[in-house]
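By convention in this document, chain letters (A, B, ...) are assigned in the order of the sequence lines, proteins followed by strands, and residues within each chain are numbered from 1. Computed over heavy atoms, backbone and side chain alike; hydrogens, waters and symmetry mates excluded.
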There are 2 protein chains.
Amino acid sequence: MKFAKIPMATIVRLSIYMRALKELLDSDVDVISSERLAKLCGVNPAQIRKDLAYFGEFGVRGVGYRINELVNQIKDILGLNRPWNLAMVGLGNLGSALVRHGNFIKHGYVFTAAFDTDPQKVGKELSNGLIINHVSELEDIVQERDVHVGIIATPPGEAQSVANQLVLAGINGILNFAPVQIQVPDCCHVENVDFTIKLDSIAYHLSFED
Amino acid sequence: MKFAKIPMATIVRLSIYMRALKELLDSDVDVISSERLAKLCGVNPAQIRKDLAYFGEFGVRGVGYRINELVNQIKDILGLNRPWNLAMVGLGNLGSALVRHGNFIKHGYVFTAAFDTDPQKVGKELSNGLIINHVSELEDIVQERDVHVGIIATPPGEAQSVANQLVLAGINGILNFAPVQIQVPDCCHVENVDFTIKLDSIAYHLSFED
DNA sequence: ATAAGTATGTGAGTTTATTCACATTAGTCA
DNA sequence: TGACTAATGTGAATAAACTCACATACTTAT
């Protein structure tokens, strides 16, 4: 599926296009031009065509893109035509809210394990039926339940150690909500979500952009 | 403070540098080289120097950067040497968890208002003492309490309408957790947080990068 | 069947961002 | 005081990303 060196920004945009296209699936239109999609996503139309061109020709000249075909093609490109199993580590406020959050399942991501170190929490059942296990069982359970991606929602001090354990357990993808930079071997891909960094950008714009 | 056209990526990295530097404040070292900081943040040392050079000369040649001075200087650059007031809109799982989350207050962001449309929720008190108001009161309360940034944690269908109301109330900064692209006038700066997009990137890497 | 209209796919040009490499300057030690 | 070391600041080189502009190809209507 991968033909050349693809800009990371392209991959991110493909997700954005797919979100917008999915919204349109229920509507009466079934074809869209790069121009209209670009407006919806806030990007340049040529950008969309270039992004897609890395992977093939998905449009029809003079017509546009058939929405449901394109959704499936982007899914193929991103590797989303299959379920992905998630493990949540850290079931504080944020971790618990994320497990309950409907957006993951909506896009094909399924929580199959949950871990914490707090004895108060271990053994408890989450709203989706998952039982919280102790982090010491992480390696075994991750392998047993075929977890593909680990989500870290622990306090910052524990994030690195959790990451180490995830890597040991054979996990190659981590979504990190802890506000620290975690170090992992090259085989493992980490994405960080830090909303205070986004707030800093907003603060900067409010202070100095006008 | 702003001298030239600054890359957005630079602003984001400054936040990252600051996070790393803050961690070091308690330690015994009080000077750091761009090389060491770069390793901590996973970037190129020259990148750090360039980023800082947009705003002035903060280091000492032959020595490095004094950590606490640099933290303060980055705060000045980003506009963080003052408190910022936040309003949360949408107190479902995620919104409630975010209000309780300690990371905001830690970096100088204070929730001063909370809104929802659910009559079950309006009037309830949050853990930090805030009372949830109805969204219909948004404009008045935002102005009364001097809210600077609105955080949208509503279902996707309501996000645009909430954004419109925030803009009407005079808000120029929005942090959007709803998985839709919201449209606002140029005066308003929007940052999006969409973790399923990050998961898509991970899925792509796990599927095709080796 | 042909012409008109439309929107893709893409090479070339442009802009933006990153990295290199070194001159510069502060500190240290003899 | 002067030579040596270390790490910044920065112009130049490189690399990456984006946008333009148009040739290409599909659809529709006459």
A/D200 vs B/R19, test: salt bridge (Lys or Arg N to Asp or Glu O under 4.0 Å). Steps then yes/no. CA-CA 11 Å; A/D200 289 352; B/R19 296 282 181 289; 3.1 Å; yes
Applying salt bridge (Lys or Arg N to Asp or Glu O under 4.0 Å) to B/R82 and B/D76, what does each step give before you reach the verdict? CA-CA 9 Å; B/R82 47 160 287 188; B/D76 284 346; over 6 Å; no
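Close to C/dG9, at under 4.0 Å from its OP1 or OP2, lies a side-chain N or O of A/Y65. Checking the phosphate oxygens (OP1, OP2) of C/dT8, a side-chain nitrogen or oxygen of A/S34 falls inside 4.0 Å.
For the residue pair A/D51 / A/T10, a side-chain donor-acceptor distance below 3.5 Å is found, with atom types taken as modelled. No side-chain N or O of A/N85 forms a donor-acceptor pair with one of A/Y109 less than 3.5 Å apart.
Between B/F104 and B/V99 the shortest side-chain heavy-atom distance does not fall below 4.5 Å.
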With sugar-phosphate taken as primed atoms, P, OP1 and OP2 and all else as base, the protein-contact string of nucleotides 16-24 of chain D at under 4.0 Å (heavy atoms; B, S, -) is SSSBBB--B
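In this structure, A/I48 places its CD1 atom 12 Å from C1' of C/dT8, rounding to the nearest Å. If you measure from atom CG of B/L37 to atom P of D/dG9, you get 13 Å, rounded to the nearest angstrom. Taking atom CZ of residue A/F55 and atom P of nucleotide C/dG9, one finds them 14 Å apart after rounding to whole Å. Atom-to-atom, CG of B/L52 to P of D/dT8 comes out at 10 Å; the value is rounded to the nearest Å. Atom-to-atom, CZ of B/F58 to P of D/dT10 comes out at 11 Å; the value is rounded to the nearest Å. One can place CD of B/E57 at 14 Å from C1' of C/dA23, the figure rounded to the nearest angstrom. To the nearest angstrom, P of C/dT8 lies 12 Å from CD1 of A/I67.
Residues B/F195 and A/H101 bring their aromatic ring centres within 6.0 Å.
Nearest-nucleotide assignment on DNA chain D puts the 5′-proximal partner with B/A53, out of A/G62 and B/A53.
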